[in-house]
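Worksheet for the structure shown next.
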Amino acid sequence: MYFDVVDELNQVLQEAARDILGDAFDQAEPAGFSPARDLSHGDLTTTAAFNWAKSLKRNPRELAGEIVMRLSGHPSIEKASAAGPGFINVSLSSQVLLNTLGAALKQDSAYGRSAKYAGKKAMVEFVSANPTGPLHVGHVRGAIVGDTAASLLEAVGYEVTREYYYNDAGVQMEMLGRSVRARYWQLFGLDEALPENGYKGDYIRYIAAAVKTAKGDSLLESGEWRPFTEFAADVLMSVIMDDLRKLRVRFDTTFSERSLHENGSVRQTIDELTAQGATYEQDGALWLKSTDQGDDKDRVLVKSDGEPTYVTPDIAYHREKYARGFDLLVNVMGHDHHSQVERVKIALTILGYRLNALNYLLNQMVSIERGGEKIKLSTREGQFMTLADMVDELGADVTRYFFAQRSYNSQMIFDWDLAKRQSMDNPVYYLQYVHARTCSIEQKAEERGIDRAPNLDGIDPAPLRGERERELLLKLFFYPNVVMDAAERLEAHLVPAYLEDLAKTFHGYYQAQRVLDQDDPEGSRARMKLVLGVQRVMRNGLSLLKVDAPERM
RNA sequence: GCGCCCAUAGCUCAAUGGAUAGAGCACCUGCCUUCUAAGCAGGUGGUUGCAGGUUCGAGUCCUGCUGGGCGUGCCA
């Protein structure tokens, strides 16, 4: 409904633009309707008059008046008016709002979804933590930012691949293998210390014990670290995936860094950069002339020991991504890796790739505050709170919601005590309570034999024309636009913001207006449908965030 | 030093360049014989870090400061 109505009105605007602007039409800023921020200014609003006034050198207020004339009488509009210095405000007809409710009920779980990007393919790469230990709370934010972005893209029609890129090569993996080997040796009574900068967590001991169970003493002889790395990486990847499942995150594909070395992709990337004249050798290493592209220093691609640095396979990985034919690439990573982003972009530019489709969501750091104190997120010293601990203690609903609620771009203080509270202060329950309440009303309606079919057949619309009812209907009307806006901007937190607004409006309505009234059967029927509409939207919104919508609380 | 990000109510955070900057928490005052009080209604609380600039219009864009987070490695 939303897009149909706005398209219609924008059409009128376009025609007006053509007539009023004449020759200036081509240069004029485009203008369209969007939801009014303040409902006292109508339902939809546009600043078209401001945009056009400049090129015409005319008074925007006067222009607004002309545009309003053209809008009035439109079947979707109850009232159009010019306001302030030149705003154009529109109130929607009650028929549009009623149709919205009908659509929400009929489309049910599809309401708010769209086919705008049907046929397009997107990849969201996220988490991508190296399998050197279990995921800790620092990874949770990226997991939720990525997963929710993926859900939003799906909701607007993209075919989405959720991918986990993991580093199973390189120095850190060697350190992992050596750490496990040391613990393994200790199990046989050998006095072997962990390597310096080794992994000190207890999980290393468990993995060593698992190696012993699986392989006995057969790995003692050779002393090779590689088998330990492989064993540990397998174990840890499956632990990571299990933990992510607890958060309701599932990946479609994993991508191994080692495969890029083995299939020659890394080599080829280096060769092509060299063929572009973008590299040189110095001190036994191969350097990328990134300063030519504005970097403040050149970067090493291949170390003097012949091993590539971390950035080189990352460039190769992105070439693979491009080759796989996605229309949209989304990379989620911690902001502490932002310098890596620049180097990959520089290399891709040198190689002739366009960066338009490549989006990075660099989520800012998280700190957790508990009992008035900040608690440690992670440390190489083996003391950390894991993702699993967090989900076990808070539950997936709360964990997901708290992270989804905030813009990924703002540093976040996670209020553990609030998250832990099962009360009205906790916004998750505030939203879920809306759903539970609607279900409760629905059940009562069933007991009383009141129609709660998902359609508006035979409904008297009069009871839905009240101010409060209208406000709710309008919020339902906006929902598809919230989803679209959040998806296109990759700003998932717009959804929680909307849902909280809807919840507040609904709870207020519930308090002020009895839905099922024995003395008003017509009104009860109509309001019941409205409540069902709210229920659908709340359920759909929570489902985008993968938060449960309980029927009872 | 240089680069990226941030600075909004006491606290945690919102606000496609638009109208009187909004929520939640905290604090104060009321509201349960009714479909769930995990709720509602109202109140207190702001020079949007500072100084300039662009614009019809700036919390939002630009410049310079101040203060913070993170980078700045032949680690990832």
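Letters A, B, ... are given to chains in the order of the sequence lines, protein chains preceding strands, and every chain is numbered from 1.
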> Between A/E500 and A/K504, does at least one N-O distance fall below 4.0 Å, as a salt bridge requires?
Replying inline: no
> Closer to the 5' end of RNA chain B via nearest nucleotide, is it A/T46 or A/E500?
Replying inline: A/T46
>> When the P atoms of B/A21 and B/G59 are compared, how many Å lie between them, rounded to an integer?
In response: 9 Å
>> Between A/Q172 and A/N130, does the side-chain hydrogen bond (donor to acceptor under 3.5 Å, both in side chains) criterion hold? Intermediate values first, please.
In response: CA-CA 8 Å; A/Q172 293 304 321; A/N130 294 343; over 6 Å; no
> Which is true for A/L516 with a 4.0 Å heavy-atom rule: it touches a base, it touches only sugar-phosphate, or it touches nothing?
Replying inline: base
> What is the nucleic acid contact for A/D415, judged by heavy atoms within less than 4.0 Å: base, sugar-phosphate only, or nothing?
Replying inline: nothing
> Where the side chain of A/V300 is concerned, which of B/G71, B/C75, B/C74 is the nearest nucleotide?
Replying inline: B/C74
>> Cation-pi check for A/Y510 against A/R437: NZ or CZ below 6.0 Å from the six-membered ring centre and within 45 degrees of the axis, yes or no?
In response: yes
>> Between A/F255 and A/Y317, is the ring pair (Phe, Tyr, Trp, His ring centres under 6.0 Å) condition met? List the steps.
In response: CA-CA 9 Å; A/F255 196 100; A/Y317 176 41; 4.8 Å; yes
>> Mind checking if A/H335 touches a base, just sugar-phosphate, or nothing, with heavy atoms under 4.0 Å?
In response: base
> Quick one: are the ring centres of A/F403 and A/Y408 less than 6.0 Å apart?
Replying inline: no
>> What's the gap between B/G30 and B/C35 when it is taken at their C1' atoms, as a whole Å value?
In response: 23 Å
Report all interatomic pairs (protein N or O, nucleotide N or O of nucleotides 26-34 of chain B) with separations under 3.5 Å.
from: B/U34; atom 1: O2'; to: A/R514; atom 2: NH1; distance (Å): 2.8

> When the aromatic ring centroids of A/Y498 and A/F478 are compared, is their separation below 6.0 Å?
Replying inline: no
> Is the aromatic ring of A/H41 within stacking range of B/A19, meaning centres under 5.5 angstrom and planes under 30 degrees?
Replying inline: yes
> Closest nucleotide of RNA chain B for A/D296 versus for A/G284: which of these residues is on the 5' side?
Replying inline: A/D296
> Contact class for A/G170 (heavy atom, under 4.0 Å): base, sugar-phosphate, or nothing?
Replying inline: nothing
What protein N or O atoms touch nucleotides 14-18 of chain B N or O atoms at under 3.5 angstrom, if any, and at what distances?
from: B/A14; atom 1: OP1; to: A/S407; atom 2: N; distance (Å): 3.3
from: B/A14; atom 1: OP1; to: A/S410; atom 2: OG; distance (Å): 2.7
from: B/A15; atom 1: OP1; to: A/H493; atom 2: NE2; distance (Å): 2.9
from: B/A15; atom 1: O2'; to: A/R37; atom 2: NE; distance (Å): 3.4
from: B/A15; atom 1: O2'; to: A/R37; atom 2: NH1; distance (Å): 3.3
from: B/A15; atom 1: O2'; to: A/R37; atom 2: NH2; distance (Å): 3.2

>> Counting only side-chain heavy atoms from C-beta out, which of B/C35, B/C74, B/U72 sits nearest to A/V515?
In response: B/C35
>> Using ring centroids (six-membered ring only for Trp), state whether A/Y479 and A/Y2 fall under 6.0 Å.
In response: no
> Looking at A/R525 and A/D451, does any basic side-chain N land under 4.0 Å from a carboxylate oxygen?
Replying inline: yes
>> By the 4.0 Å heavy-atom rule, please label A/E174 as base, sugar-phosphate, or nothing.
In response: nothing
>> Taking the minimum atom-to-atom distance to the side chain of A/K444, which one of B/C13, B/C35, B/A76 wins?
In response: B/C35
> Is there a donor-acceptor contact under 3.5 Å from the side chain of A/H318 to the main chain of A/D314?
Replying inline: yes
>> Strictly below 4.0 Å: does A/K303 bring a side-chain N or O up to OP1 or OP2 of B/G73?
In response: no
> Going by atom types only, do A/Y509 and A/E469 share a side-chain donor-acceptor pair under 3.5 Å?
Replying inline: yes
> Which whole number of Å gives the distance between the P atom of B/G18 and that of B/C61?
Replying inline: 11 Å
> Quick one: which of B/A19, B/A76, B/G69 gets closest to the side chain of A/A83?
Replying inline: B/A19
> From the list B/A23, B/C4, B/C13, which nucleotide is the closest neighbour of the side chain of A/K504?
Replying inline: B/A23
>> Checking contacts here: which listed nucleotide (B/C5, B/A76, B/C35) is nearest the side-chain heavy atoms of A/Y510?
In response: B/C35
> In whole angstroms, how far is the C1' atom of B/G68 from the CE atom of A/M365?
Replying inline: 15 Å
>> Categorize A/N89 for me: base, sugar-phosphate, or nothing, with a 4.0 angstrom heavy-atom threshold over every strand shown.
In response: base
> Do A/R226 and A/E174 meet the salt-bridge criterion of a basic N to acidic O distance under 4.0 Å?
Replying inline: no
>> Please determine whether side-chain hydrogen bond (donor to acceptor under 3.5 Å, both in side chains) holds for the pair A/K321 and A/N331, giving the CA-CA distance in whole Å, both sets of side-chain angles, and the decisive distance to 0.1 Å.
In response: CA-CA 11 Å; A/K321 283 189 183 180; A/N331 295 346; 2.7 Å; yes
>> Taking B/U34 as the reference, what is the distance to B/U29 when you measure between their P atoms (whole Å, please)?
In response: 25 Å
> What dot-bracket string describes RNA chain B from 5' to 3', counting Watson-Crick and G-U wobble pairs whose defining distances are under 3.5 Å, with [ ] for crossing pairs and | for pairs to another strand?
Replying inline: (((((.(..((((....[...)))).(((((.......))))).....(((((..]....)))))).)))))....
>> Checking contacts here: which listed nucleotide (B/A37, B/C4, B/A19) is nearest the side-chain heavy atoms of A/R437?
In response: B/A37
>> side-chain hydrogen bond (donor to acceptor under 3.5 Å, both in side chains) for A/E163 and A/T254? Distances and angles first, verdict last.
In response: CA-CA 5 Å; A/E163 183 153 296; A/T254 57; over 6 Å; no
